[in-house]
Peer 1: 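I have a structure here, written as structure tokens, and I will follow up with some questions on it.
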Amino acid sequence: MKTSAQYQVGIDLGTTNTVVAYAKIGSSEIQLFDIEQLVAPGEVAPRPLLPSLRFHATQGELAAADMALPWAEADATQPVVFGRWARQLGAQVPGRLVTSAKSWLSHSAVDRSAAILPWGAADEISKISPLDASASYLAYVRAAWNHAFPKAPLEQQDIVLTVPASFDEGARALTVQAARQAGLPKLRLLEEPQAACYDWLFRHQATLNEELAESKLLLVCDVGGGTTDLSLIQIELKDGQPQLKRIGVGNHLMLGGDNMDLALAHLVERRLNPDGSAAALSAGRLSQLIERCRAAKEQLLAADAPEQVLVTLLGSGSKLIGGSRSAELTRAEVAQLVVDGFFPRVSAHGSAKQKRSGLVEFGLPYASDPAVTRHI
């Protein structure tokens with residue numbers, strides 16, 4: 001078949017971040033596509049990760065010049081910010097940040113084409129469906145790519161879009177529909193653990209026989225922002241070459257980085273209200289605290305991390321500064337919560353604790369057992 005494609009493009013539409021990689025047709029040199037995005041008011045810069053986030057500003061809240069992108073003027077009637085600056089704004093203003101659209105896309109108990117995000121936002125805040133939010137991230141990637149490669153539009157390239165292996169047919173169909181809405185009608189879906197396996201094979205191609213000589217099974221564990229995907233792959237030698245066949249896929253586990261951030265937010269929430277006198281945080285305020293805890297987690301688990309950081313929950317309205325409350329998080333307790341809570345040492349025969357239904361929190365049916373190692 002004749003094609004006008006110049007590049008093979010891989011898009012990981014993630015719960016937390018969206019990443020794009022590409023290679024010229026016929027080349028094995030793979031590059032990451034740095035996605036231009038707002039990193040501060042009026043400041044655009046390329047970054048390898050596009051946070052899968054939308055901040056819904058109110059009309060007049062942000063200046064049009066501050067939201068302008070190289071390929072389009074800001075729309076004052078729909079003031080939406082994507083990416084890194086959206087994350088910063090969401091940590092400052094509660095109830096305006098659309099997060100985890102991919103998790104919502106797999107949540108069959110809700111109408112995924114209904115405008116329900118940001119979850120728990122006030123009535124006056126504009127909302128969007130998980131389907132349309134996912135489409136908007138892909139449309140953003142398409143616009144950024146076409147600005148960088150005007151002679152090789154993304155819609156004309158050979159595109160692979162990854163999805164969790166545990167996505168059901170409904171979630172896969174909605175992902176394809178989101179891509180079509182974004183102007184990307186032709187693409188192939190690839191399961192994320194398979195993509196990870198292909199990458200491992202590519203990186204070890206020179207020593208593959210030695211690497212797999214004693215192996216019969218390959219287990220791919222993909223712990224993402226919103227889901228944990230487990231795939232079991234059988235290895236058979238044929239004419240001296242390893243043949244790989246997927247023989248098992250784990251259950252759909254809504255368990256990942258989002259849960260770690262939520263656990264930290266609950267810890268900080270208790271410290272902000274030690275005597276229990278204040279009401280539980282609203283969904284919008286909790287979303288703001290989650291973003292601040294995520295930033296603290298990344299700072300405290302970095303190579304040059306401080307011993308502790310202060311997490312501040314801003315007040316609202318006229319009490320923006322005066323109503324602020326703060327609590328400390330230490331590096332040791334964050335490491336303990338994440339490692340011991342989500343990756344504890346378990347018996348080889350230990351199994352995940354099953355309940356009748358998973359914990360429904362922040363609107364999503366998270367896995368009832370947070371220990372990834374027990375699920376493995």
Peer 1: When you compare the side chain of Pro306 with that of Leu300, does any pair of heavy atoms fall below 4.5 Å?
Peer 2: yes
Peer 1: Indicate yes or no for a side-chain donor-acceptor contact from Arg292 to the backbone of Thr312 under 3.5 Å, with no hydrogens or angles considered.
Peer 2: yes
Peer 1: Under 4.5 Å between side-chain heavy atoms, hopping through other hydrophobics if needed: is there a path connecting Val220 to Tyr198?
Peer 2: yes
Peer 1: Do the non-hydrogen side-chain atoms of Arg374 and Ser351 ever get within less than 4.5 Å of each other?
Peer 2: no
Peer 1: Are any side-chain N or O atoms of Gln181 and backbone N or O atoms of Asp132, one a donor and one an acceptor, separated by less than 3.5 Å?
Peer 2: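 Side chain of Gln181 to backbone of Asp132: no pair is present.
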Peer 1: Do Leu62 and Pro41 come close enough that some side-chain heavy atom pair is under 4.5 Å?
Peer 2: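 Leu62 does not reach Pro41 side chain to side chain.
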Peer 1: Restricting to non-hydrogen atoms, name the atom on Asn146 and the atom on Pro153 that form the minimum distance, rounded to 0.1 Å.
Peer 2: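 Heavy atoms of Asn146 and Pro153 come nearest at OD1-CA, 3.2 Å.
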Peer 1: If the test is side chain to side chain contact (heavy atoms under 4.5 Å, CB included), which one of Val223, Val346, Asn251, Leu255 qualifies with His375?
Peer 2: Leu255
Peer 1: Tell me whether Leu281 is reachable from Leu310 by hopping between hydrophobic residues (I, L, V, M, F, W, Y) whose side-chain heavy atoms are closer than 4.5 Å.
Peer 2: no
Peer 1: Measure up the Phe33 and Phe149 rings against each other and bin them: parallel (under 30°), tilted (30 to 60°), perpendicular (over 60°).
Peer 2: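 Because their plane-to-plane angle lies in the 30° to 60° range, the rings of Phe33 and Phe149 count as tilted.
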Peer 1: Using modelled atom types and a 3.5 Å cut-off, is there a donor and acceptor pairing between side-chain atoms of Gln88 and backbone atoms of Val39?
Peer 2: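 Here the side-chain-to-backbone pair exists.
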Peer 1: For residues 226-236, pull every pair meeting side-chain hydrogen bond (donor to acceptor under 3.5 Å, both in side chains), keeping only residues two or more places apart or in separate chains.
Peer 2: Ser166-Asp229
Peer 1: Taking Trp200 as the starting point, is it possible to reach Val160 by hopping between hydrophobic residues whose side chains are less than 4.5 Å apart?
Peer 2: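 In one cluster with Val160: Trp200, yes.
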Peer 1: Among Leu50, Val19, Thr18, Val141, which residue satisfies the side chain to side chain contact (heavy atoms under 4.5 Å, CB included) criterion with Leu13?
Peer 2: Thr18
Peer 1: Are any non-hydrogen side-chain atoms of Leu264 and Val311 less than 4.5 angstrom apart?
Peer 2: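 No, too far: nothing below the 4.5 Å cut-off.
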Peer 1: Check whether any side-chain heavy atom of Leu97 lies under 4.5 Å from a side-chain heavy atom of Pro118, and answer yes or no.
Peer 2: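 Counting from C-beta outward, Leu97 and Pro118 never come under 4.5 Å.
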Peer 1: State, to 0.1 Å, how close Gln288 and Pro94 come at their nearest heavy-atom pair, and which atoms those are.
Peer 2: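 Answer, listing the atom of Gln288 first, then Pro94: OE1-CB, 4.0 Å.
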Peer 1: Quick one: which of Asp158, Ile159, Val176 gives a side chain to side chain contact (heavy atoms under 4.5 Å, CB included) with Arg188?
Peer 2: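 Testing Arg188 for a side chain to side chain contact (heavy atoms under 4.5 Å, CB included) against Asp158, Ile159, Val176 leaves exactly one candidate, Asp158.
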Peer 1: For His107 and Leu364, indicate whether the former's side chain and the latter's backbone hold a donor-acceptor pair under 3.5 Å.
Peer 2: no
Peer 1: Verify the cluster assignment for Tyr22 and Leu49: are they in a single hydrophobic cluster under the rule of side-chain heavy atoms below 4.5 Å apart?
Peer 2: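 Different clusters: Tyr22 never reaches Leu49 through Ile, Leu, Val, Met, Phe, Trp or Tyr contacts under 4.5 Å.
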Peer 1: Check whether any side-chain N or O of Glu191 sits under 3.5 Å from a backbone N or O of Val163 as a donor-acceptor pair, and report yes or no.
Peer 2: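 Checking the backbone N and O of Val163 against the side chain of Glu191, no donor-acceptor pair under 3.5 Å is found.
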Peer 1: Could you check Arg112 against Trp104 for side chain to side chain contact (heavy atoms under 4.5 Å, CB included), going step by step and ending with a plain yes or no?
Peer 2: CA-CA 7 Å; Arg112 292 165 281 188; Trp104 287 98; 5.9 Å; no
Peer 1: Taking CZ in Arg180 as the centre, count heavy atoms belonging to other residues, nucleotides or ligands within less than 6.0 Å. Is the count above 12?
Peer 2: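 Not more than 12 within 6.0 Å, no.
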Peer 1: Show, in sequence, the C-alpha distance, side-chain angles and deciding distance for Ser287 and Trp119, and conclude whether the side chain to side chain contact (heavy atoms under 4.5 Å, CB included) test is met.
Peer 2: CA-CA 9 Å; Ser287 175; Trp119 180 256; over 6 Å; no
Peer 1: May I ask you to say whether Glu192 pairs ionically with Lys102, meaning some side-chain N is under 4.0 Å from a carboxylate O?
Peer 2: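 The answer is yes: the pair qualifies as a salt bridge.
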Peer 1: If you measure from the Lys or Arg side-chain nitrogens to the Asp or Glu carboxylate oxygens, is any gap between Glu269 and Arg325 under 4.0 Å?
Peer 2: no
Peer 1: Between Asn259 and Gly256, is there a donor-acceptor pair closer than 3.5 Å when you use the side chain of the first and the backbone of the second?
Peer 2: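 Checking the backbone N and O of Gly256 against the side chain of Asn259, a donor-acceptor pair under 3.5 Å is found.
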Peer 1: Taking only Lys NZ, Arg NE, NH1 and NH2, and the carboxylate oxygens of Asp or Glu, determine whether Glu29 and Lys24 approach each other closer than 4.0 Å.
Peer 2: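 The answer is no: the pair does not qualify as a salt bridge.
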Peer 1: Could you pull out the closest heavy-atom pair between Pro51 and Asn17, with the gap in Å?
Peer 2: CA-OD1, 3.4 Å
Peer 1: Establish whether Leu301 and Val268 are linked, either directly or via other cluster members, by ILVMFWY side-chain heavy-atom contacts under 4.5 Å.
Peer 2: yes
Peer 1: Would you say the side chain of Val80 lies within less than 4.5 Å of the side chain of His56, judging by non-hydrogen atoms?
Peer 2: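 Touching, per the 4.5 Å side-chain cut-off.
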Peer 1: Grab the two heavy atoms, one from Leu32 and one from Ala21, that are nearest each other, plus how far apart they are.
Peer 2: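 Residues Leu32 and Ala21, closest heavy atoms: CD2-CB, 4.1 Å.
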Peer 1: Do Ser134 side-chain atoms and Pro130 backbone N/O form a donor-acceptor pair below 3.5 Å?
Peer 2: yes
Peer 1: Ignoring hydrogens and geometry, is there a side-chain-to-backbone donor-acceptor pair from Arg331 to Ala305 under 3.5 Å?
Peer 2: yes
Peer 1: So do the side chains of Val20 and Val9 get within less than 4.5 Å of each other, counting heavy atoms only?
Peer 2: yes
Peer 1: So, Glu210 and Thr207: side-chain donor and acceptor under 3.5 Å apart, yes or no?
Peer 2: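 Result is no, nothing qualifies.
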Peer 1: Within the distance-only criterion (no hydrogens, no angle test), does the side chain of Gln205 pair as donor or acceptor with the backbone N or O of Phe202 below 3.5 angstrom?
Peer 2: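 Answer holds: yes.
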Peer 1: Say whether, by atom type as modelled, one donor and one acceptor occur between the side chain of Ser282 and the main chain of Arg285 under 3.5 angstrom.
Peer 2: yes
Peer 1: If I compare all heavy atoms of Tyr137 with all of Ser52, which pair ends up nearest, and what's the gap?
Peer 2: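 So the two residues come closest at OH-O, 3.3 Å.
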Peer 1: Relative to each other, are the rings of Trp71 and His147 parallel, tilted or perpendicular (30° and 60° limits)?
Peer 2: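 Trp71 and His147: tilted rings.
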Peer 1: What's the shortest heavy-atom distance between Ser103 and Gly226, and which atoms?
Peer 2: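 Between these two residues, the closest heavy atoms are OG-CA, 3.8 Å.
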Peer 1: Answer yes or no: is there a side-chain heavy-atom contact under 4.5 Å between Trp145 and Ile35?
Peer 2: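 Trp145 does not reach Ile35 side chain to side chain.
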Peer 1: How is the hydrophobic cluster of Leu174 composed, in terms of its other members, when Ile, Leu, Val, Met, Phe, Trp and Tyr link through side-chain heavy atoms under 4.5 Å apart, directly or indirectly?
Peer 2: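 Its cluster partners, ordered by chain and number, are Leu105, Leu131.
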